Amino acid sequence: PMVIPTPHLSLNIEALVNADVRLAIRAPDGSFIPGYELDQSEIDLYNDPYRCAAKWKTKPDLAELVGREIWLHFQIRGASLYSYRTDFEG
């Protein structure tokens with residue numbers, strides 16, 4: 001688990017054609033946090049692959065989770081995740 005220090009999370013991703021990357025946020029008990037499920041994930045892989053902002057359909061960032069302990073749950077197809085950071089304002 002990790003503690004979210006800032007509301008913004010960015011990803012460094014190398015995506016191939018038709019790649020799909022989804023990100024869910026889980027509570028320490030393993031349950032998905034509502035609004036941050038995989039099917040709510042909206043990550044634009046092709047605008048700026050070095051700083052893809054993690055967003056969800058109804059959650060533009062992680063503001064409501066700052067200071068909370070969470071797990072990141074990635075689902076990746078046709079791409080490589082090199083890093084993520086929490087200090088980028090997307």
Side-chain angles (χ1 to χ4, degrees):
M2 64 182 281
V3 174
I4 293 294
T6 68
H8 302 286
L9 178 68
S10 68
L11 312 171
N12 178 348
I13 297 172
E14 180 180 4
L16 302 174
V17 175
N18 297 322
D20 185 42
V21 176
R22 296 172 189 242
L23 172 60
I25 307 297
R26 291 181 175 240
D29 68 2
S31 64
F32 289 102
I33 296 176
Y36 295 97
E37 297 94 345
L38 289 169
D39 64 347
Q40 299 294 305
S41 180
E42 295 184 336
I43 299 172
D44 181 0
L45 301 175
Y46 301 103
N47 184 34
D48 182 353
Y50 301 108
R51 291 183 300 191
C52 301
K55 297 179 181 182
W56 296 263
K57 291 179 182 173
T58 61
K59 310 286 185 182
D61 57 29
L62 299 170
E64 65 188 60
L65 302 177
V66 171
R68 289 182 52 185
E69 189 174 89
I70 56 108
W71 291 83
L72 301 178
H73 178 119
F74 290 95
Q75 185 178 67
I76 300 171
R77 181 178 49 83
S80 296
L81 172 66
Y82 293 113
S83 65
Y84 58 85
R85 37 187 300 178
T86 59
D87 60 351
F88 167 75
E89 291 193 26

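Predicted model, so just to flag it, every value in this text is computed and none were measured. The figures here come from the full heavy-atom set of this structure, side chains too, leaving out hydrogens, waters and symmetry mates.
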Open item on the list: The criterion is side chain to side chain donor-acceptor pair (under 3.5 Å); which residues satisfy it with Arg26, sequence neighbours excluded?
Closed with: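 Partners of Arg26 under the side chain to side chain donor-acceptor pair (under 3.5 Å) test: His73.
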Task: By side chain to side chain donor-acceptor pair (under 3.5 Å) - contacts of Asp20 (at least two apart) - done: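 Checked Asp20 against side chain to side chain donor-acceptor pair (under 3.5 Å); matches are Arg22.
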Task: Test side chain to side chain contact (heavy atoms under 4.5 Å, CB included) applied to Asn18 - qualifying residues, sequence neighbours left out - done: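 Asn18: no side chain to side chain contact (heavy atoms under 4.5 Å, CB included) contacts found.
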Task: Partner residues of Tyr82 under the side chain to side chain contact (heavy atoms under 4.5 Å, CB included) criterion, sequence neighbours left out - done: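 Residues passing side chain to side chain contact (heavy atoms under 4.5 Å, CB included) with Tyr82: Asn12, Glu14, Ser80.
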Could you report the tightest heavy-atom contact between [X] and [Y], atom names first, then the distance?
{"X": "Ala79", "Y": "Ala15", "answer": "CB-CA, 3.9 Å"}
{"X": "Trp71", "Y": "Pro1", "answer": "CZ2-CD, 3.4 Å"}
{"X": "Ala54", "Y": "Ile43", "answer": "CA-CG1, 4.4 Å"}

Show me the donor-acceptor pairs, under 3.5 Å and distance only, between side chains in residues 57-69 and residues at least two apart or in other chains.
residue	atom	partner	partner atom	Å
Lys57	NZ	Asp39	O	3.4
Lys59	NZ	Glu64	OE1	3.1
Lys59	NZ	Glu64	OE2	3.3
Asp61	OD1	Ala63	N	3.0

Task: Sidechain-backbone polar pair: Glu37 side chain, Gly35 backbone, donor-acceptor under 3.5 Å - done: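 Here the side-chain-to-backbone pair exists.
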Open item on the list: More than 12 heavy atoms of other residues, nucleotides or ligands under 6.0 Å from CZ of Phe74: yes or no?
Closed with: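 Count over threshold, so yes.
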To the nearest 0.5 angstrom, please state how far the [atom1] atom of [X] sits from the [atom2] atom of [Y].
{"X": "Ile13", "Y": "Ser83", "atom1": "CD1", "atom2": "OG", "answer": "9.0 Å"}
{"X": "Leu11", "Y": "Asp44", "atom1": "CG", "atom2": "CG", "answer": "11.5 Å"}
{"X": "Arg77", "Y": "Leu16", "atom1": "CZ", "atom2": "CG", "answer": "10.5 Å"}
{"X": "Ile25", "Y": "Ile33", "atom1": "CD1", "atom2": "CD1", "answer": "7.0 Å"}

- [ ] State yes or no: do Tyr84 and Val3 share one hydrophobic cluster built from I, L, V, M, F, W and Y residues joined by side-chain heavy-atom distances below 4.5 Å, directly or via other members?
- [x]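 Per the 4.5 Å side-chain linkage, Tyr84 and Val3 are not co-clustered.
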- [ ] Please examine the side chains of Leu9 and Leu72, heavy atoms only from C-beta on, and report whether any two atoms are closer than 4.5 Å.
- [x]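 Sidechains of Leu9 and Leu72: in contact.
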Task: Side chain to side chain, Phe32 and Gln40, heavy atoms closer than 4.5 Å - done: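 Heavy-atom side-chain distance check fails, nothing below 4.5 Å.
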TODO: Sorted by first residue and then second, give each ring pair (Phe, Tyr, Trp, His ring centres under 6.0 Å) pair with at least one member in residues 45-67; sequence neighbours left out.
DONE: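 Only Tyr36-Trp56 qualify under ring pair (Phe, Tyr, Trp, His ring centres under 6.0 Å).
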